[in-house]
*Asks:* 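Mind having a look at this structure? Questions to follow.
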Amino acid sequence: MSWLPLSFGAPLVLWGLLALPVIWWLLRLTPPKPQTEVFPPLKILARVLRREETPQQSPWWLTLLRLLMAALVVMALAEPVFNPREKLPAEGAALALVIDNGWASAADWNKRVATAERLIADAGSNGVPVVIAFTAEKPNAEIGPFDASAALDHLRAAKPRPIPTDRPAVYARVAAALERLPGASVAVLADGLAAKGDEAAFKTLLEKNATRLVWAISDRPSLTGLIGADNQVDGFALTAIRAPGDPAPAQVTAGAFDDKGRRIADATLTFAPGEAATTATMAVPFELRNDFASIALDGERQAGAVRVLDESSKRRRVGLLSQAEADQAQPLLSPLYYIRRALQPFADLVEPSSADLADAIPQLLDQKPAMIIMADVGTIPEQVKQRLVDWVDKGGTLMRFAGPRLAAAGNDDDLLPVRLRSGERALGGALSWTTPQAVTEFPKNGPFADLSPPSEVTVSRQVLAEPTPDIVERTWATLADGTPLVTGMKKNKGTLVLFHVTPEATWSNLPISGSFVEMLRRVVQLSRNQGAAIANAEAAAASLAPYRMIGADGTLTPPSPDARPLVPGAGPLPVTLENPPGLYGSETGVFAHNLLNASSTFAPLARPQVSLPVTTVPYAFDESENLKGPLVAIALLLMVLDTLAVFWMGGLLARRPRRAKAVATAAAVLVVLGGLFGHADVARADDSKPGDAQAIDDISKTRIAYVITGEPGVDSISRAGLEGLTRFLIEKTALEPGPPAGVDIAKDELSFFPLIYWPIDASAPMPSQAAIARIDAYMQQGGTVLFDTRDQFSNGIGAGSASPATERLRDILGNLNVPPLEPVPSDHVLTKSFFILPEFPGRFNGSPLWVEASLEASNTENRPVRTGDGVSPIMITANDFAGAWAIDENGDPMLPTVPPDPMQRVYALRAGVNIMMYMLTGNYKSDQVHVPVLLERLGQ
């Protein structure tokens, strides 16, 4: 029964509303108890003869309250539902739920689950079993039949997978299960994308035992996927696709991210009306493009909108090969010297270990380079030539430079872009009437078209190309007399390039010009990495372990337990549950395995044409709301009001304290019970103040504090070290400090401690600016911080190279108002505050103890930190004081000194005593009046 937007699950109960008049009549016959009043005796006597009367009706408002309460109870028992949903057809012998949980369902997965839950709930109310299957799960996954409760458990345990669906196999399993349950309703919750074998799969599922089809469709706009991301000469070329036939234009933004997840580039892709594919270019510098780790489409929370990148789309590997021996005494004459200098900033250079071409060329090809540069290489051995030709045909770029060997070797049609004349051409000189030639404008059909010709470059020697009909198309750079300087051509998927001069400055000064660097860079950008570098054939055949996977929602996640190693092969590799999309390999090198490839397309899934009754439902959340609970709660509230009204009318709330108190108590009990039914939380005040107790404990005794770094090993040594120093102070001085305290500089009160020991550790998190500001305020108010880098055997705090701990200390001090520092002078009060000490060793010895430099004037206005009583607000050492002071539970030293000298530990403890006495007494011991007493104690 339904009156939109309200319906009732048990409408027959509403006939109970007809009993309201009867209830009203009963309420009139049972009026409330009359109110009793105390009258004076005479008035009572005057009314003795009167006939007693009983009220015949209750007040109208009380009657209305009770009728409303009864009506609410009746309506609650009728199971009212606000904004009810239409009941889905889930009857018959069973309900078969077939749900696509591939990558295309990730964006609106929750809606799909809500729709499936409604179908299962309706099947449960009809008492029919449920067969539930997912099209992107393992082939042996259990599909039922289940009861409604178990089916809901399977549904809620499922999740979208970043792989395509396998409808033929799953539909066949469901059809086999329905052979035992003929006459079932079949619900297909598809992702909207067509796949290979769909027609046969639907025929298998629906042609025999199905009696009804429930077809769920999505109201989400068409998906957008990224099928290409190529690092080209002028930028990163992106290709995106969507389902064809969409009449609306669309625009999507793509973002490029580095390996730390930082967004470093953007591009906008625009679809025209009806357009299914579009392209865009991220025009960013080549060096920045090498940092791209992944590219994703904004707003598309699915795996098809993400592409991960590997070495094949990043920095190029370039192999260098020369037959000339390198002259260590004259490196500028080496054929590869200028090439190395030009390519090192933007390419990874690899060179063979052997000078023999028969061994060197296979060594380079095993490294999977994007490009090979041959500097004056003549005849290539036949046993390796065919492998080199195959490498070029499959996409390799071969660049060759001229020289005497190449000129003498003759033509090689497979590995040269043009045919050459025999010998070489000399320009200028005593025996030649020609002069060195300059470089003219670069041809428009070559990669150097937008470069300015180098006016300072001249060529005095070159190899000449045979004039052929296609020589103009293959010329990338020419001389003033029209002869080619650089030629190139496409050969299948690869490229052949020839510089008609040598790579060193003997035939031309081109190698020492800036144009040479830019020309090499352009050719490198034309090349393509052939894959991850593999050291040997055994490694090439090995599989790659899962490293980072693309989740169904497009995020990079750790590998799942189902992921298996990937064996790279020729052509696109299938994406499966065992090999989901993502990166395979390790930190040293990865292979990108993406969901979509260049040939991928999106085709909308058409509803199968069947003779069965078909019900079409949208994916949507259940927005209906059961009103039974709110109606019962309102009825209980009215019951409380009725009870209070009866108490008031009976006189229990007036002029009788005891009864009033009882009524108040009853009302309080009702209120408490109402709060319990409403799940209200009771707030309780907490008068305890542990912070005050801790503060009292901190100031009751002198305590040394240490900074909690968050590194357990460092913090435990700091505490053990300060405990050892505290015990030594108690034994040797009149001071009895309390136990050491660990402080969090970001939130603990620091002013309770005269000295804070701070061990610097590079692996600990960098303190926030607010925490450093609190340390700065602590030092300005008279406190002292003892920084210990514990790296005496690495370096000091001076200029030059520094250890990680020293670098971290510099970062911290860069945010503090630090005064000028100096090593402790020989006459400083620290050297005589308790013990006479010429140095301040710790676990290590050799690093000075740095303190505030002594100044002529005391407390001048421009001094950054106040030095109350001459106490330095900062001390720095690298000797690891806490390591020398640290003791275990038995009082034995925990760490050895370096070198292992027992007296060094004693001197370290004495240094700690002097520092504490210095902190507590200031410049007291620097007074000359105490010198005689000190000398007398020393026996001098």
Side-chain angles (χ1 to χ4, degrees), residues 260 262 704-711 713-715 717-718 742-751 753-825 828 830 840 842 844 846-855 857 859-868 870-883 915 919:
K260 295 183 179 179
R262 297 172 297 192
I704 313 173
Y706 64 92
V707 173
I708 299 175
T709 63
E711 294 293 326
V714 176
D715 294 341
I717 292 299
S718 297
V743 295
D744 184 348
I745 61 174
K747 58 184 179 181
D748 290 339
E749 180 58 50
L750 307 178
S751 60
F753 311 102
L755 176 68
I756 297 178
Y757 176 76
W758 191 340
I760 304 299
D761 191 272
S763 60
M766 177 68 182
S768 64
Q769 292 296 328
I772 293 178
R774 298 181 82 245
I775 285 290
D776 196 32
Y778 167 77
M779 294 167 61
Q780 292 181 11
Q781 295 166 4
T784 296
V785 180
L786 173 56
F787 294 96
D788 194 341
T789 60
R790 304 169 298 126
D791 59 354
Q792 190 273 330
F793 281 96
S794 297
N795 57 271
I797 66 170
S801 61
S803 68
T806 300
E807 290 290 349
R808 174 57 60 84
L809 176 61
R810 290 176 180 174
D811 294 339
I812 295 173
L813 297 183
N815 299 305
L816 293 174
N817 295 317
V818 179
L821 301 177
E822 66 176 355
V824 174
H828 196 276
L830 264 172
F840 296 85
F844 310 124
S847 172
L849 178 63
W850 295 77
V851 295
E852 179 184 7
S854 302
L855 299 178
N859 294 323
T860 57
E861 295 181 358
N862 62 349
R863 295 186 68 176
V865 180
R866 183 178 65 84
T867 58
V871 175
S872 173
I874 181 173
M875 300 181 190
I876 303 176
T877 185
N879 286 335
D880 190 8
F881 281 166
I915 291 173
M919 289 304 308

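Residue numbers start at 1 and run along the sequence shown.
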*Asks:* Closer than 3.5 angstrom, by distance alone: can the side chain of S872 be matched with the main-chain N or O of E852 as a donor-acceptor pair?
*Replies:*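 Judged by distance alone, yes, a pair lies under 3.5 Å.
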*Asks:* What residues form a ring-ring contact (aromatic ring centres under 6.0 Å, His included) with F787, not counting sequence neighbours?
*Replies:*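 Listed in chain order: W758.
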*Asks:* At what distance, to the nearest 0.5 angstrom, does CG of D744 lie from CD1 of I708?
*Replies:*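 The CG atom of D744 sits 6.5 Å away from the CD1 atom of I708.
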*Asks:* So do L750 and I775 actually touch side chain to side chain, heavy atoms under 4.5 Å?
*Replies:*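 Contact flag for I775/L750 side chains = yes.
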*Asks:* Take L755 and L786 through the test side-chain contact (heavy atoms from CB on, under 4.5 Å) and record every step on the way to the result.
*Replies:* CA-CA 7 Å; L755 176 68; L786 173 56; 4.1 Å; yes
*Asks:* Output yes when a side-chain donor or acceptor of N879 lies under 3.5 Å from a complementary backbone atom of S847, and no otherwise.
*Replies:*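 A pair under 3.5 Å: yes.
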*Asks:* Does any non-hydrogen side-chain atom of F753 lie less than 4.5 Å from one of I704?
*Replies:*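 Sidechains of F753 and I704: no contact.
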*Asks:* Give me the atom names and distance for the closest heavy-atom approach of I812 to I772.
*Replies:*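 Distance-wise, the nearest heavy atoms are O-CG2, 4.3 Å.
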*Asks:* I'd like to check D761 versus R790 (side-chain heavy atoms, cut-off strictly below 4.5 Å). Are they in contact?
*Replies:*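 Contact flag for D761/R790 side chains = yes.
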*Asks:* Side chains of I756 and Y778, heavy atoms from C-beta outward: is any pair under 4.5 Å?
*Replies:*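 Side-chain contact under 4.5 Å: yes.
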*Asks:* Quick one, I915 and F881 - any side-chain contact, counting heavy atoms below 4.5 Å?
*Replies:*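 Contact flag for I915/F881 side chains = yes.
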*Asks:* Considering non-hydrogen atoms only, spot the tightest contact between T789 and A805 and give its length.
*Replies:*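 Answer, listing the atom of T789 first, then A805: O-CB, 3.6 Å.
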*Asks:* Can you see whether T709 engages D715 through a side-chain donor-acceptor pair at a distance of less than 3.5 angstrom?
*Replies:*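 There is such a pair (donor and acceptor under 3.5 Å, judged by atom type) between the side chains of T709 and D715.
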*Asks:* Taking the side chain as every heavy atom from C-beta outward, state whether P767 and I745 have any atom pair closer than 4.5 Å.
*Replies:*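 A side-chain contact under 4.5 Å exists here.
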*Asks:* Might you point out which heavy atoms bring A878 and F844 nearest each other, and give the distance in Å?
*Replies:*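 Distance-wise, the nearest heavy atoms are O-CD1, 3.8 Å.
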*Asks:* Taking the side chain as every heavy atom from C-beta outward, state whether V785 and M875 have any pair of such atoms under 4.5 Å apart.
*Replies:*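 Not touching, per the 4.5 Å side-chain cut-off.
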*Asks:* Would you check if L830 and F840 make a side-chain contact, meaning some heavy-atom pair closer than 4.5 Å?
*Replies:*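 The answer is yes; the side chains approach within 4.5 Å.
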*Asks:* Which heavy atom in R808 sits nearest to a heavy atom in M766, and how many Å separate them?
*Replies:*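 Scanning both residues, the minimum pair turns out to be CD-SD, 3.4 Å.
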*Asks:* About how many Å separate CG of D791 and CG of D880, when rounded to the nearest 0.5 Å?
*Replies:*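 Here the rounded value is 10.0 Å.
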*Asks:* What are the two closest non-hydrogen atoms of A882 and I717, and how far apart are they?
*Replies:*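 Smallest interatomic distance, heavy atoms only, reads CB-O, 4.0 Å.
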*Asks:* Out of N815, D811, L809, which one pairs with L813 under the side-chain contact (heavy atoms from CB on, under 4.5 Å) rule?
*Replies:*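 Exactly one candidate clears the test, L809.
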*Asks:* Got a donor-acceptor contact below 3.5 angstrom from the E749 side chain to the S751 backbone?
*Replies:*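 Side chain of E749 to backbone of S751: a pair is present.
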*Asks:* Looking only at heavy atoms, what is the nearest atom pair of M779 and I874, with distance?
*Replies:*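 So the two residues come closest at CE-CB, 3.8 Å.
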